[in-house]
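Each ligand, and each atom within it, is numbered from 1 in the order the structure gives. Values below: all heavy atoms of this structure, side chains included; hydrogens, waters and symmetry mates excluded.
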Amino acid sequence: MECWHCERPSHANCQFCGRAVCKTHTQEKPFLLHTYRTANGQYKAFVVRKAVWCGVCEPQSDPIDLKNME
Ligand SMILES: [Zn+2]
Ligand SMILES: [Zn+2]
């Protein structure tokens, strides 16, 4: 695979969209790995703090409604 930005060999893939990026063009973003609810009703999340991000795609912070899924 080649880097999305410069077309040199890539070192990683964006955690969010899968684009390939080289070390120069890799950026970092927190990645939400898993969420759960504690016994007293609190929501908690496991987050990877420096996940690989391509710098192009735009991970949304809020979930969107899905329609016509049936
Ligand atoms: Zn690059
Ligand atoms: Zn991406």
Side-chain angles (χ1 to χ4, degrees):
M1 291 275 264
E2 290 169 347
C3 171
W4 176 265
H5 298 275
C6 64
E7 297 181 3
R8 280 184 301 201
S10 65
H11 295 100
N13 287 88
C14 175
Q15 188 74 54
F16 304 91
C17 70
R19 281 181 177 96
V21 279
C22 72
K23 279 183 188 165
T24 311
H25 291 110
T26 296
Q27 295 187 51
E28 293 167 347
K29 235 188 203 319
F31 178 73
L32 188 67
L33 204 60
H34 179 65
T35 55
Y36 65 96
R37 219 174 138 191
T38 61
N40 54 20
Q42 237 189 334
Y43 285 99
K44 300 233 181 197
F46 287 109
V47 175
V48 180
R49 274 182 62 212
K50 292 184 173 182
V52 171
W53 177 46
C54 65
V56 182
C57 65
E58 297 179 347
Q60 305 291 298
S61 55
D62 295 315
I64 55 162
D65 291 332
L66 295 177
K67 293 186 178 117
N68 304 321
M69 290 292 283
E70 284 158 36

- How wide is the angle at the Zn ion (ligand 2) between SG of C14 and SG of C57, to the nearest 10°?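 C14 SG and C57 SG form an angle of 110° at the Zn ion (ligand 2).
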
- Every N, O or S from the protein that is nearer than 2.8 Å to the Zn ion (ligand 1):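 Metal shell, protein only: C3 SG, C6 SG, C22 SG, H25 ND1.
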
- Message: Return the SG to NE2 distance between C22 and H11, rounded to the nearest 0.5 Å.
- Response: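 These two atoms lie 7.0 Å from each other.
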
- Item | Separation between CD of Q27 and SG of C14, rounded to the nearest 0.5 Å |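 The CD atom of Q27 sits 10.0 Å away from the SG atom of C14.
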
- Task: State, to 0.1 Å, how close G18 and M1 come at their nearest heavy-atom pair, and which atoms those are.
- Result: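 Smallest heavy-atom distance, with atoms named: O-CE, 4.5 Å.
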
- Under 30°, 30 to 60°, or over 60°: which ring-plane class applies to F31 and F16, parallel, tilted or perpendicular?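 Ring orientation, 0 to 90° scale: perpendicular.
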
- Item | Linked, directly or transitively: L32 and Y43 (ILVMFWY side chains, under 4.5 Å) |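 No.
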
- Determine, using the 4.5 Å side-chain heavy-atom cutoff (strictly less than), whether V48 and V52 are members of one ILVMFWY cluster.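 No, separate clusters.
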
